[in-house]
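Working notes, structure below.
Throughout, numbering of the chain's residues begins at 1 and tracks the sequence. These values consider heavy atoms only, across backbone and side chains, with no hydrogens, waters or symmetry-generated copies.
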Amino acid sequence: MKYLVLIYSNPTSWTDPPRPEDEWGWREHLAVNADLIESGELISAHPLAAPPATKTVRVRDGIVSTTDGPYAEAKEYLAGYYLVECESFDRALEIAAQMPDARISGVEVRPVMGNEGLEM
C-alpha cells in the first residue's frame, strides 16, 4: 500500500540554508531516507519551496487567475513529502514518527488512492 507522508512546518522552524542549530533535522531526514531506501519502502521524498515561491491557480467561468502564496492562510505550510510503499497504515505511522518535524510541528499520513479507490 502507498502512503503520502506530508510534512508541515512553520517558516520559522527551518531556514534555507540551514542554520547550525537546524542541522540535526536535516541529518535525521538523511538517516530516515537511507533507512527507507534500504528497506525498499521509499518511492520518493522531496522538500518543497517556501510559501513565497508558491502560486495558487483558480479557474472560474473559464477565466484563469493566479495568486501568490499557498491556497490556505496558515502559520504552518506543506514543507515536503515522502511517498512510501509499506505493509500497513501502522507502518506508515511509524515512518512519520521518525520525521524530526513530528517533534516540531506535524506530519500527516494519508493513504494513496488508485483509480478504483483506496488500495487498502
Side-chain angles (χ1 to χ4, degrees):
M1 292 173 274
K2 293 180 184 145
Y3 299 91
L4 192 58
V5 178
L6 302 165
I7 298 168
Y8 290 91
S9 189
N10 184 307
T12 61
S13 297
W14 306 101
T15 62
D16 188 21
R19 301 170 297 201
E21 61 266 28
D22 296 335
E23 290 181 13
W24 66 272
W26 296 108
R27 284 193 303 274
E28 285 187 31
H29 273 291
L30 292 174
V32 169
N33 286 352
D35 290 346
L36 293 173
I37 289 168
E38 185 176 325
S39 71
E41 296 172 304
L42 182 65
I43 296 172
S44 178
H46 295 282
L48 300 174
T54 303
K55 296 280 187 186
T56 297
V57 177
R58 291 179 179 84
V59 179
R60 301 294 184 269
D61 297 321
I63 299 170
V64 177
S65 66
T66 60
T67 55
D68 291 338
Y71 176 72
E73 292 290 327
K75 290 183 181 179
E76 292 182 336
Y77 66 96
L78 184 59
Y81 73 91
Y82 283 71
L83 179 60
V84 298
E85 187 163 10
C86 54
E87 63 190 32
S88 68
F89 193 73
D90 286 340
R91 172 62 184 143
L93 295 173
E94 289 174 6
I95 291 168
Q98 295 175 32
M99 305 296 160
D101 311 85
R103 294 190 306 271
I104 295 172
S105 54
V107 177
E108 178 181 339
V109 178
R110 191 175 297 184
V112 174
M113 294 176 61
N115 291 330
E116 301 79 35
L118 287 176
E119 292 184 350
M120 305 176 1

Point to revise | Trace of the side-chain contact (heavy atoms from CB on, under 4.5 Å) decision for Leu78 with Glu108 | key: CA-CA 10 Å; Leu78 184 59; Glu108 178 181 339; over 6 Å; no
Practice item. Output the distance between atom OG (Ser44) and atom CD (Glu85), rounded to the nearest 0.5 Å. Key: 13.0 Å
Check your understanding: With a 4.5 Å limit on heavy-atom distance, are the side chains of Arg58 and Thr67 in contact?
Key -> yes
Exercise for review: Determine yes or no for a side-chain-to-main-chain donor-acceptor pair under 3.5 angstrom, with Ser105 supplying the side chain and Tyr8 the backbone.
Suggested key: yes
Exercise for review: Please examine the side chains of Phe89 and Leu93, heavy atoms only from C-beta on, and report whether any two atoms are closer than 4.5 Å.
Suggested key: yes
Point to revise | With sequence neighbours excluded, residues passing salt bridge (Lys or Arg N to Asp or Glu O under 4.0 Å) with Arg103 | key: Glu28
Exercise for review: Please report the shortest heavy-atom distance between Ala102 and Ala96, naming the atom on each side.
Suggested key: CB-O, 3.8 Å
Practice item. Measure the CD1-CD distance between Ile95 and Glu41 for me, rounded to the nearest 0.5 Å. Key: 4.5 Å
Check your understanding: Quick one: CG on Leu83 to CG on Leu6, what's the gap to the nearest 0.5 Å?
Key -> 10.0 Å
Point to revise | Cys86 to Ala92 - nearest heavy-atom pair and separation | key: SG-N, 3.7 Å
Practice item. Please examine the side chains of His29 and Asp101, heavy atoms only from C-beta on, and report whether any two atoms are closer than 4.5 Å. Key: yes
Check your understanding: When clusters are formed from ILVMFWY side-chain contacts under 4.5 Å, directly or step by step, what else is grouped with Val57?
Key -> Val59, Val64
Review point. Taking the inter-plane angle between the rings of Tyr81 and His46 on a 0 to 90° scale, is it parallel (under 30°), tilted (30 to 60°) or perpendicular (over 60°)?
Key: tilted
Practice item. I would like to know whether Tyr82 and Ile7 meet side-chain contact (heavy atoms from CB on, under 4.5 Å); could you show each step before the answer? Key: CA-CA 8 Å; Tyr82 283 71; Ile7 298 168; 3.6 Å; yes
Exercise for review: Look up atom OG in Ser39 and atom CD in Glu87, then write down how far apart they are to the nearest 0.5 Å.
Suggested key: 10.0 Å
